[in-house]
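All figures in this text were calculated on a predicted structure; none of them were measured in a lab.
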Amino acid sequence: MEVGRDTRVLVTGGSRGIGAAIADAFEARGCTVGRVSRSGEPAGDVSDRESIGRAIDGFGQVDVLVANAGIAHYLPFTEMPPELIERLTSVNWLGTAYTVQAALPGMLERGRGHIAIVSSGAGIRSFPGAAVYGATKAAQRGFGEALRHELKGTGVGLTMVYPGQIRSSLHEHEKERMPDWYKLDRAVPAEPLAQGLVEAVEKDRRELFHPSNVRLLRIVHGVRPALADAMLRRIMDRSAAP
């Protein structure tokens, strides 16, 4: 679809990190952009179905929806409190479903629009310490892949986004307990990902990977998971694929 001055874009989790970079990229193209967060404009909580519904209704017509809001908590599953499991699920997975469910009817009625769902490389192949986080991201992946097919012929497109390690505040609250394989100096800027998403929306691309090694991980893991483990041990750390 065409992206420009008449395009209205709504980005959840748009106040910082990847979401802010995505919102900035669409604004640079002249789009009207709403940055949804609990204290944003419009204000909305994706884990609350009524709250995110009000935020989307208040923004008005949505031409491009970017379901980006998400949180991370990395812990071995045996140490993960039940309330964190529920919180990760309600924000990352249910929040995506609630957001799309609120915006999609208007797109279908107009016969045009685009949805982008920001998952994670962990949705393709998760890591020790990220069992629950990876599960929520894999749920987004399965949802988006099926929904793209359901939307065929409606005029509404869908792009799945798989970021790797991106410079953001996603793990600010847990730096001290991050697994050995997580190296902050390997994180890449969010801006190229954001620019890539604008292009992906314009060209109705099925998927977007950033950086490129996330695409390689998907290919290798899909062909032979054991080979992907060997690759991760070599590139990252043995703790990434014991």
Should [X] and [Y] count as side-chain neighbours, where that means a heavy-atom distance under 4.5 Å?
{"X": "His114", "Y": "Thr159", "result": "yes"}
{"X": "Val201", "Y": "Phe26", "result": "yes"}
{"X": "Arg148", "Y": "Arg206", "result": "yes"}
{"X": "Leu108", "Y": "Val156", "result": "yes"}
{"X": "Pro163", "Y": "Val161", "result": "yes"}
{"X": "Val64", "Y": "Leu10", "result": "no"}
{"X": "Arg87", "Y": "Ile71", "result": "yes"}
{"X": "Ile85", "Y": "Phe77", "result": "yes"}

How close do [X] and [Y] get, heavy atom to heavy atom, and via which atoms?
{"X": "Leu147", "Y": "Val100", "answer": "CD2-CG1, 3.8 Å"}
{"X": "Gly95", "Y": "Thr99", "answer": "O-OG1, 2.7 Å"}
{"X": "Gly157", "Y": "Asp204", "answer": "CA-OD1, 3.5 Å"}
{"X": "Ala25", "Y": "Val198", "answer": "CB-CG2, 3.8 Å"}
{"X": "Ser126", "Y": "Gly134", "answer": "OG-CA, 3.4 Å"}
{"X": "Ala102", "Y": "Ile56", "answer": "CB-CD1, 3.6 Å"}

Can the positive tip of Arg215 be found less than 6.0 Å from the middle of the six-membered ring of Tyr162, inside 45° of the ring normal?
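Arg215 over Tyr162 ring: no.
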Is it the case that Arg125 places NZ or CZ above or below the six-membered ring of Phe127, under 6.0 angstrom from the centre and within 45 degrees of the axis?
yes
Please lay out, stage by stage, how Leu65 and Met107 fare under the test side-chain contact (heavy atoms from CB on, under 4.5 Å).
CA-CA 10 Å; Leu65 174 70; Met107 293 182 179; 3.8 Å; yes
Taking it one step at a time, do Val9 and Ile22 satisfy side-chain contact (heavy atoms from CB on, under 4.5 Å)?
CA-CA 10 Å; Val9 182; Ile22 291 171; 5.9 Å; no
Does CD in Glu50 sit with more than 12 non-hydrogen atoms of other residues, nucleotides or ligands closer than 6.0 Å?
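At most 12 heavy atoms, drawn from other residues, nucleotides or ligands, come within 6.0 Å of this atom.
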More than 12 non-hydrogen atoms from neighbouring residues, nucleotides or ligands closer than 6.0 Å to CD on Glu27, yes or no?
yes
Can you tell me if Asp45 and Ser51 form a side-chain donor-acceptor pair at under 3.5 Å?
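No, Ser51 and Asp45 have no side-chain donor paired with an acceptor closer than 3.5 Å.
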Side chains of Ser15 and Arg38: donor-acceptor distance under 3.5 Å anywhere?
no
Start with the C-alpha distance between Val46 and Thr96, add both sets of side-chain angles, then the distance that settles side-chain contact (heavy atoms from CB on, under 4.5 Å), and finish with yes or no.
CA-CA 7 Å; Val46 298; Thr96 296; over 6 Å; no
Between [X] and [Y] (salt bridge meaning N to carboxylate O under 4.0 Å), is one present in this structure?
{"X": "Glu2", "Y": "Arg29", "value": "no"}
{"X": "Glu199", "Y": "Lys203", "value": "no"}
{"X": "Asp229", "Y": "Arg224", "value": "no"}

Please answer: with hydrophobic residues joined when any side-chain heavy atoms are less than 4.5 Å apart, are Leu227 and Leu217 in the same cluster?
yes
Passing option when Arg35 is tested against Asn68, Asp24, Val66 for side-chain contact (heavy atoms from CB on, under 4.5 Å):
Asp24
